[in-house]
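Quick notes on the structure that follows.
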Amino acid sequence: MATPEQPDPRMIAAQLRKPSGDAAEVVGDKMDRVNEPLFRLTLEVLHPAAHERILEIGFGTGTYLERLFAGAEELQVHGIDYSPEMVERASRRNAALVDAGRLHLATGTSEDLPFESEYFDRVFCNMVVYFWDQPEGHLAEIHRILKPGGHFYIGMRTRDSMLQFPFVQHGFVLHEPETWQAILGRSGFSCREAARRFDPVIEEAEGDIHLESVCLDATKL
Ligand SMILES: C[S@@+](CC[C@H](N)C(=O)[O-])C[C@H]1O[C@@H](n2cnc3c(N)ncnc32)[C@H](O)[C@@H]1O
């Protein structure tokens with residue numbers, strides 16, 4: 001049974017899928033702490049170039065979005081997240097970039113992306129594919145909005161990494177990176193594993209957590 005110290009894993013799973021209500025603030029803080037190393041890894045692979053159009057799907061708090069702009073001039077960055085709480089928080093956090101018209105954040109779902117076809121050079125998502133029960137529809141949309149030869153990056157943790165968290169028993173799709181490569185291969189992409197490394201150990205009251213981050217790089221064929 002859940003106690004104040006040990007929240008209900010079912011509730012955590014639902015909040016990670018779509019942060020909402022009062023809990024969204026606490027869940028967002030936790031996501032920031034746990035997922036910063038993965039954002040860093042994805043950014044190393046993605047490495048934006050000047051004048052590109054980039055989309056992040058499921059940006060959560062958006063705390064690290066500003067890092068995309070370092071070293072690449074005239075970037076146009078968009079973000080879509082279906083949690084209004086996260087869009088509000090990320091907009092507050094990035095107010096200067098939003099006001100300058102360099103960052104565009106909106107509520108929306110990856111199953112129905114509000115962009116014209118062949119608009120983006122790169123699309124990425126970190127810790128989102130666990131919630132794609134039927135990935136094909138999401139991937140078809142991402143394929144549509146990418147320019148020919150554009151890249152889609154998936155930032156994720158290995159299955160063994162995720163199994164350390166009790167909440168993954170509640171609705172998480174836990175494919176290995178190799179399985180995602182095969183799914184992307186059937187969805188009009190050529191996919192390779194671009195980077196993999198262990199995060200710094202996370203010290204929790206219940207014991208240390210060792211997460212292995214992976215970034216897949218899928219090119220639109
Ligand atoms: C586990 S959080 C990860 C947040 C952030 N990317 C990170 O690495 O910390 C998943 C985020 O993706 C959003 N999300 C999940 N599925 C989505 C979908 N199909 N379309 C848009 N946003 C989605 C959720 O609202 C949530 O903010």
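For the single chain, residues carry numbers from 1 onward in sequence order. Counting convention: from 1, in listed order, for ligands and their atoms alike. Model, not experiment: these values are computed from the prediction.
Two residues are said to be in side-chain contact when any heavy atoms from C-beta on lie closer than 4.5 Å; Leu216 and Met156 meet this criterion. Between Arg157 and Asn35 the shortest side-chain heavy-atom distance falls below 4.5 Å. The shortest side-chain heavy-atom distance between Arg197 and Glu44 falls under the 4.5 Å cut-off.
Heavy-atom proximity to atom 24 (C) of ligand 1, evaluated over Glu85, Glu111, Met86, Arg17, is greatest for Arg17. With Gly62, Gly108, Gly58 as candidates, the residue nearest to atom 21 (C) of ligand 1 on a non-hydrogen basis is Gly108.
In this structure, Asp121 does not pair ionically with Arg53, as no charged nitrogen and carboxylate oxygen lie closer than 4.0 Å. Arg93 and Glu66 are joined by a salt bridge, as a carboxylate oxygen and a charged side-chain nitrogen come within less than 4.0 angstrom of each other. Under a 4.0 Å N-O distance rule, the pair Asp199/Arg40 does not qualify as a salt bridge.
Taken to the nearest 0.5 Å, the CG atom of Leu221 stands 11.0 Å off from the CG atom of Leu146. The CG atom of Leu46 sits 7.5 Å away from atom CD of Glu52, with the distance rounded to the nearest 0.5 Å. We find the CZ-CE distance between Phe172 and Met127 to be 7.0 Å, quoted to the nearest 0.5 Å. To the nearest 0.5 Å, the span separating CD on Gln164 from CD1 on Ile209 amounts to 6.0 Å.
Shortest contact from atom 2 (S) of ligand 1 to any protein heavy atom: Met31 SD, 3.2 Å. Scanning all protein heavy atoms for the shortest distance to atom 7 (C) of ligand 1 gives Asn35 ND2, 3.4 Å. Looking only at heavy atoms of the protein, atom 14 (N) of ligand 1 is closest to Tyr82 CE1, 3.6 Å. The closest protein non-hydrogen atom to atom 19 (N) of ligand 1 is Ser110 OG, 2.9 Å. Ranking protein heavy atoms by distance to atom 10 (C) of ligand 1, first place goes to Leu16 O, 3.4 Å.
Contact annotation: for Phe39 versus ligand 1, there are no heavy atoms closer than 4.0 Å. Of the heavy atoms in Asn126, both backbone and side-chain atoms come closer than 4.0 Å to ligand 1. With a heavy-atom cut-off of 4.0 Å, Asp81 touches ligand 1 through backbone and side chain alike.
The Ser83 neighbourhood of ligand 1 comprises atoms 25 (O), with distances under 4.0 Å to a heavy atom of that residue. Counting atoms of ligand 1 from 1 in the listed order, those under 4.0 Å from a heavy atom of Val128 are 12 (O), 16 (N). Close contacts between ligand 1 and Thr109 involve ligand atoms 19 (N), 20 (N), 21 (C) [criterion: under 4.0 Å to a heavy atom]. Atoms of ligand 1 found under 4.0 Å from any heavy atom of Phe59 (numbered from 1 in listed order, with element): 5 (C).
For a threshold of 3.5 Å applied to N or O pairs, the pair formed by Lys18 and ligand 1 contains no separation below that value. Considering backbone and side-chain atoms together, Asp32 places no N or O closer than 3.5 Å to any N or O of ligand 1.
Relative to the six-membered ring of Tyr82, Lys18 meets both conditions, a distance below 6.0 Å and an angle of at most 45° to the axis.
Residue contact check for ligand 1: Trp132 places a non-hydrogen atom closer than 4.0 Å to it.
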